[in-house]
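Before any comments, here is the structure.
Letters go in sequence order (proteins before strands), and every chain restarts at 1. For the numbers below, each heavy atom of this structure counts, side chains included, while hydrogens, waters and symmetry mates do not.
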Number of protein chains: 2
Amino acid sequence: MVNKPAQRPQNEQLHSPKAVTPTRKSFQRLADADRRRALLEATLDCIGEAGASGASARRIAERAGVTAGLIRHHFGSMDEMVRQAYAHLMTQLTSEAAEAARAGGDSPEAALARFVAANVMQPNLSPRKVSLWATFIGRVDGEAGYSVIHRDSYREFLEVLTRLIHPVLVKHGRPSSPEACRSLAIALNGLIDGLWLEGSLDHGLYDPHRLPGIALSAAEGLLRLPDTALLRHLTDLPPQD
Amino acid sequence: MVNKPAQRPQNEQLHSPKAVTPTRKSFQRLADADRRRALLEATLDCIGEAGASGASARRIAERAGVTAGLIRHHFGSMDEMVRQAYAHLMTQLTSEAAEAARAGGDSPEAALARFVAANVMQPNLSPRKVSLWATFIGRVDGEAGYSVIHRDSYREFLEVLTRLIHPVLVKHGRPSSPEACRSLAIALNGLIDGLWLEGSLDHGLYDPHRLPGIALSAAEGLLRLPDTALLRHLTDLPPQD
DNA sequence: TCGTTCTTTATACAGTCGTATAACAGACGA
DNA sequence: TCGTCTGTTATACGACTGTATAAAGAACGA
């Protein structure tokens, strides 16, 4: 799993004779926040491409164009950096989806429809993102630091969803108590998560372009809205290549 | 991440002086199938408890009560064993859920309700199972061997679901063409996956006991069934502690 | 009871892991 | 232009990785 015996010697070219005066790699100093972000994104890149086992300190550092020692300097430990990369990812994910709902100030139905659809369309529908997400989810149970990040980001997502659902329910005269809203938000979140997941993995069993339609139709039924209450906003959406 | 510096020396007691006549560990030979199953289950245990990084060949072997060399003997490589452990897990998961639907030969609605509910109740609702599942899902993109296992098990699940949905739609006079069934199965699968996932992780944001009710109510809406068409079978279900 | 078979143990190996430490050098104020 | 600060590189260390190999011993037929 680790030991692919014959690896390239990786001599890196452009080295001066080296035995005489061992010249060092030139570098530039960055502000703490900038270097941290670069490392976090390199971490996500590595995990996304090669999985958790392929994301070693040395490999991440190389990806970020620095040496491995910097990890300790900026994050204290590898573990801590990976944890922060998870938080970084989840912040990105939910903020991107929430932004999709804000774009355009139409009816409550339109906003909800855009949000639901955006979660099962590119760029959110992405094997890389699902791989990353899944890798981290695998650590939520048992590793305390991960579970609080998960809980926080899940709560955030539920709240966004609740704020989108409530006005729609009111407008259509459906029960809209906090409890009703919450149950529906939980269910709708499940639907979105599951479709996003399977759609992203792109197993070839169906065309992912069908997902926005499937998701919106299911959401209508789930919320007991009249047919096409959400679906009719599908044409507003940006085209899918 | 790997190097917890001060590990127990792990001397194992019950050793004869050892320098004189180096006695070997006693063992018993097992049939190939039995030893393989034992190793696969030890693999799942290790990944479930410590994550992918904690599931080394030596640790898995120790868990199974053997030495690491056996992995090569029975599986050829560590990678191959882990892949087969994934297939083993997915077979378990879907067959357990399908069995829940078979138990009791009532109406189509009851069978569907049992299946949906079983997926969001113990013992399917389990942090261990979600952790395992997520860890493997993280490898589906990019590692070819995993993607075919994923596709096969997903297709299997979809087919089970379709067979359960169809008679219910017919009975209630809803559209039941293959295409309609398939779209609904995809959506319902998403709902089940998502609720199973979040419920298993048990973030403390709501009581998982509410999940069967939420899932069944959402499924009713999703399939456009009359209210309580599925929910009224909830009382048949085995009590949740 | 002896031989044979082949699962299993034991050990060695090269490579990678995370991280601690010390020397270097970029950036900036004086 | 020189010092100072500290972000960064380089290197060493011990633990652990997967796997290849050979010896051992459990099970079973004759």
Exercise. For B/L30, report the nucleic acid contact type (base, sugar-phosphate, nothing); a contact means any heavy atom under 4.0 Å.
Key: sugar-phosphate
Quiz prompt | base_contact_polar (D/dT6 base, A/R29 side chain, donor-acceptor, <3.5 Å) | solution = yes
Practice problem: Using whole Å, report how far CG of B/D32 lies from P of C/dC6. | Solution: 12 Å
Quiz prompt | Listed nucleotide nearest any side-chain atom of A/L70, set D/dT8, C/dG18, D/dA23 | solution = D/dT8
Self-check item: Residues B/E49, B/R63: salt bridge by 4.0 Å N-O rule
Solution: yes
Quiz item: Taking OP1 and OP2 of C/dT7, is either one under 4.0 Å from a side-chain nitrogen or oxygen of B/H73?
Solution: yes
Quiz prompt | Backbone N/O of B/H74 and side chain of B/R36: donor-acceptor pair under 3.5 Å | solution = yes
Listing, residues 130-138 of chain B side-chain donor-acceptor contacts under 3.5 Å, not counting sequence neighbours, or none:
unit_1	atom_1	unit_2	atom_2	d
B/S131	OG	B/P127	O	3.0
B/T135	OG1	B/S131	O	2.8

Practice problem: Tell me which of B/G54 and A/A31 sits closer to the 5' end of DNA chain D, going by the nucleotide each one is nearest to. | Solution: A/A31
Quiz item: side-chain contact (heavy atoms from CB on, under 4.5 Å) with A/V116: which of A/L191, A/L195, A/I192?
Solution: A/I192
Self-check item: Partners passing side-chain contact (heavy atoms from CB on, under 4.5 Å) against B/L205 (at least two apart in sequence or in another chain)
Solution: A/R151, A/Y154, A/R155, A/R182, B/H203
Quiz item: Base, sugar-phosphate, or nothing for B/R58, non-hydrogen atoms under 4.0 angstrom?
Solution: base
Quiz item: Could you give the CD1-to-P distance, from A/I60 to C/dT16, as a whole number of Å?
Solution: 16 Å
Practice problem: Provide, to the nearest angstrom, the distance between the CG atom belonging to B/D34 and the C1' atom belonging to D/dA27. | Solution: 15 Å
Quiz item: Does B/A68 or A/Q28 map to a spot on DNA chain C nearer the 5' end, using the closest nucleotide for each?
Solution: B/A68
Practice problem: Starting from C1' on C/dT8, measure out to CD on B/E62 and report it in whole angstrom. | Solution: 17 Å
Quiz item: Mapping B/S77 and A/R35 onto DNA chain D by nearest heavy atom, which one lands closer to the 5' end?
Solution: A/R35
Quiz item: Nearest-Å distance, CZ (B/R24) to P (C/dA10)?
Solution: 6 Å
Practice problem: Using atom NZ of B/K25 as one end and atom C1' of D/dA26 as the other, report the distance to the nearest whole Å. | Solution: 14 Å
Quiz item: Atom CE of B/M81 and atom C1' of D/dG18: how far apart are they, to the nearest Å?
Solution: 11 Å
Exercise. With heavy atoms under 4.0 Å as the rule, sort A/T67 into base, sugar-phosphate or nothing.
Key: base
Quiz item: Would you say a side-chain N or O of A/R59 is under 4.0 Å from OP1 or OP2 of C/dT16?
Solution: no
Quiz item: Distance check: side-chain N/O of A/H74 vs OP1/OP2 of D/dT8, anything under 4.0 Å?
Solution: yes
